[in-house]
Engineer: 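A single structure is presented below for examination.
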Number of protein chains: 2
Amino acid sequence: MNREVIPNLSVDCALFSFDGNQIKILLRQEKILLNGKTYNKYKLPGDHPFMNEIIENTAERILFEQTGARDIFMKQFWVFSSLDRLKRNEVDFAWIKNRGLISERVITVGFYSFVKKGVMENQHLIPEATWVNIHDVQNLIFDHEEILQKAREQIKKDIEHQPLVFELLPAKFTLAQLHNIYELLLEKKLDRRNFRRKVLLAMPYVKELSEKQKGVAHKPAKFYAFDKKIYDKHIIHKTS
Amino acid sequence: MNREVIPNLSVDCALFSFDGNQIKILLRQEKILLNGKTYNKYKLPGDHPFMNEIIENTAERILFEQTGARDIFMKQFWVFSSLDRLKRNEVDFAWIKNRGLISERVITVGFYSFVKKGVMENQHLIPEATWVNIHDVQNLIFDHEEILQKAREQIKKDIEHQPLVFELLPAKFTLAQLHNIYELLLEKKLDRRNFRRKVLLAMPYVKELSEKQKGVAHKPAKFYAFDKKIYDKHIIHKTS
DNA sequence: TCAAAAGTGTTGTCATTACACCCATGA
DNA sequence: TCATGGGTGTAATGACAACACTTTTGA
């Protein structure tokens, strides 16, 4: 592969995961040297596309490099082209200069992506990468706060119409987990009973399994699974 | 302004208009010379961003250059980065070479935009630009067919939640025109009575005017107008 | 008086909301 | 036996779909 990169374009990935209770974001911890002082900043993983690489592959490559996992769900959602996005802050700009300035003008394509906790546990996260609870995110470099915010807004829209949340859940999950994820991503309360009914009636592709939770100090919940085949059939039916 | 451009990035604009009956797309007619023959192709207007220009301004500049109009509504909707997008066809690639090859690899950001017919009529369209009925679009260069298609899909989603169609209508319009636009953009029939009721009840920002149509050989329709102030108030109320 | 589009109401169905109690389990 | 979260049903309301006739105008 041709390793020459496109200097004025990059891809940044907001990678989301769900640990059973909370939404987590993958951030890279960056120690930045400036005038003899070290600053700690966090950064969404990103990179420049190679000259002969489509941006979806760039995103895939970034995610693989950070997590060791492939076939992670992802979607481009916005292009950020502000003129000063790398230079709003002296410390941030030092990050660029310290790694050898490619260009002062980089337009970036934001991707958001979802990874299952189980997939992550089988892989080796690189040392600089850390999962941060979405409510504890701070100290982001460049315009990465804005990128993350925009990702969250886009996700709110997208999950209403597409079965994306299953990318965050293990193959077997309980309705309480599903409920929890929707509440966290949409940032609003959903009535538990109405939610269950809606899933069971309006999402025939969420299939009940025979298995139940074990070892919990309350009535064990049934497990469910997302059935892609039923989903595809269902959707073709809906849009025709 | 620094006129150096970003070589590997471009902006392409799918500009929509409504002539009262049909949706039109602005295309540039391109005569391409290859091996002594001339080929006719159509192209969405596009250009490279300047090195110190945000892509939204690039889109604005493109629209102004083509139509002479400013303050046209627009929105970025997707990034197209396929490796062969400029080279799928020998004739298309000749277009690039004939104007001085900047780069064989150009990733493009698609914008869609809406312009009112009235605005256009006060301006001077450049000679190469022509309004083509959306159903008659053919012979597009590069991947512009795909870009246009994706724009139309995005528009279908966006107009369900945002008052974008008013950007296509004159300040005064009839409900029949509004109905017509929705049917054309959504590519489906909408019951006329239900549509009217929904507009009148669910869109309080579509205000009835006292004026009526004149000189039509049937019962004259009332004019309506989009009231942005009421819309803004209404929306703040809805999302809070 | 005709053609053409504007304008208007009702009814049935379905989706959404609000809301409270019993169940199964491990500690 | 208690604490914990799982699981269930009903009634009221609102949104949406289907559907046909009368009105106003210019020709």
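Order of the sequence lines fixes the chain letters, A, B, ..., with proteins taken first and strands second; residue numbering starts at 1 for each chain. Computed over heavy atoms, backbone and side chain alike; hydrogens, waters and symmetry mates excluded.
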Engineer: Determine whether the aromatic ring centres of B:F223 and B:F173 lie less than 6.0 Å apart.
Structural biologist: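 No; B:F173 has its ring centre 6.0 Å or more from that of B:F223.
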Engineer: Please enumerate all residues that pass side chain to side chain donor-acceptor pair (under 3.5 Å) together with B:N180, with sequence neighbours excluded.
Structural biologist: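 For B:N180, no residue satisfies side chain to side chain donor-acceptor pair (under 3.5 Å) once neighbours in sequence are set aside.
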Engineer: Which residue pairs pass the salt bridge (charged side-chain N to carboxylate O under 4.0 Å, His left out) test with at least one member in residues 213-228 of chain B, sequence neighbours excluded?
Structural biologist: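 Listed once each, the pairs are B:E208-B:K222, B:K228-B:D232.
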Engineer: From the 5' end of DNA chain D to its 3' end, which nucleotides mark the outer limits of contact with chain A, defined by a 4.0 Å heavy-atom distance cut-off (strictly under)?
Structural biologist: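 Footprint of chain A along DNA chain D, 5' to 3': D:dA3 to D:dT10.
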Engineer: Using the test side chain to side chain donor-acceptor pair (under 3.5 Å), find all partners of A:K198 that sit at least two apart in sequence or belong to another chain.
Structural biologist: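 Here no residue qualifies.
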Engineer: Whole angstroms only, please: what is the CZ-C1' distance between A:F195 and C:dC19?
Structural biologist: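 In whole Å, C:dC19 C1' lies 18 Å from A:F195 CZ.
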Engineer: At under 4.0 Å, does any side-chain N or O of A:K198 touch on OP1 or OP2 of C:dT16?
Structural biologist: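 For C:dT16, OP1 or OP2 has a side-chain N or O of A:K198 closer than 4.0 Å.
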Engineer: Who are the side chain to side chain contact (heavy atoms under 4.5 Å, CB included) partners of B:E167, not counting sequence neighbours?
Structural biologist: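 So B:E167 forms a side chain to side chain contact (heavy atoms under 4.5 Å, CB included) with B:F73, B:F114.
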Engineer: Going by an N to O cut-off under 4.0 Å, is there a salt bridge joining B:E60 and B:R70?
Structural biologist: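 A salt bridge is absent here (no side-chain N lies under 4.0 Å from a carboxylate O).
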Engineer: Summarise protein proximity over nucleotides 3-10 of chain C in one line of letters, 5' to 3': B for base, S for sugar-phosphate only, - for none, counting protein heavy atoms closer than 4.0 Å.
Structural biologist: BBBBBBBB
Engineer: Nearest whole Å is fine: how far is C:dA15 C1' from A:E160 CD?
Structural biologist: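 Answer to the nearest Å: 14 Å.
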Engineer: Taking only residues two or more places apart in sequence, or in another chain, which ones meet B:K156 in a side chain to side chain contact (heavy atoms under 4.5 Å, CB included)?
Structural biologist: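 Partners of B:K156 by the side chain to side chain contact (heavy atoms under 4.5 Å, CB included) criterion, ordered by chain and then number, come out as B:L186, B:E187.
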Engineer: Of all residues at least two apart in sequence or in a different chain, which pass the side chain to side chain donor-acceptor pair (under 3.5 Å) check with B:D143?
Structural biologist: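 Applying side chain to side chain donor-acceptor pair (under 3.5 Å) to B:D143 gives B:R85.
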Engineer: Give, ordered by number, those residues of residues 180-190 of chain B having at least one heavy-atom distance below 4.0 Å to an atom of DNA chain C; if nothing qualifies, reply none.
Structural biologist: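 Hits under 4.0 Å, by residue number: none.
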Engineer: Using the side chain to side chain contact (heavy atoms under 4.5 Å, CB included) criterion, which residues pair with A:H218? Sequence neighbours excluded.
Structural biologist: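 With sequence neighbours excluded, A:H218 shows a side chain to side chain contact (heavy atoms under 4.5 Å, CB included) to A:Q213, A:V216, given in chain and number order.
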Engineer: Yes or no on side chain to side chain donor-acceptor pair (under 3.5 Å) for B:Q29 and B:N40, after CA distance, side-chain angles and deciding distance?
Structural biologist: CA-CA 7 Å; B:Q29 196 174 357; B:N40 248 315; 3.2 Å; yes
Engineer: Thinking salt bridges, do B:E211 and B:K172 make one under a 4.0 Å N-O criterion?
Structural biologist: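 Salt bridge between B:E211 and B:K172, a charged N being under 4.0 Å from a carboxylate O: yes.
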Engineer: How large an angle, rounded to 10°, do the end axes of the helix from C:dT1-D:dA27 to C:dA27-D:dT1 enclose when each is built from five base pairs?
Structural biologist: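 Axis-to-axis angle, ends of the helix: 0°.
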Engineer: For the residue pair A:L209 and A:Y224, establish whether any side-chain heavy-atom pair is separated by less than 4.5 Å.
Structural biologist: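 Not touching, per the 4.5 Å side-chain cut-off.
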Engineer: Name each donor-acceptor pair under 3.5 Å that joins a side chain in residues 126-135 of chain A to protein atoms two or more places apart or in another chain, with its distance.
Structural biologist:
from: A:N133; atom 1: OD1; to: A:H135; atom 2: N; distance (Å): 3.0

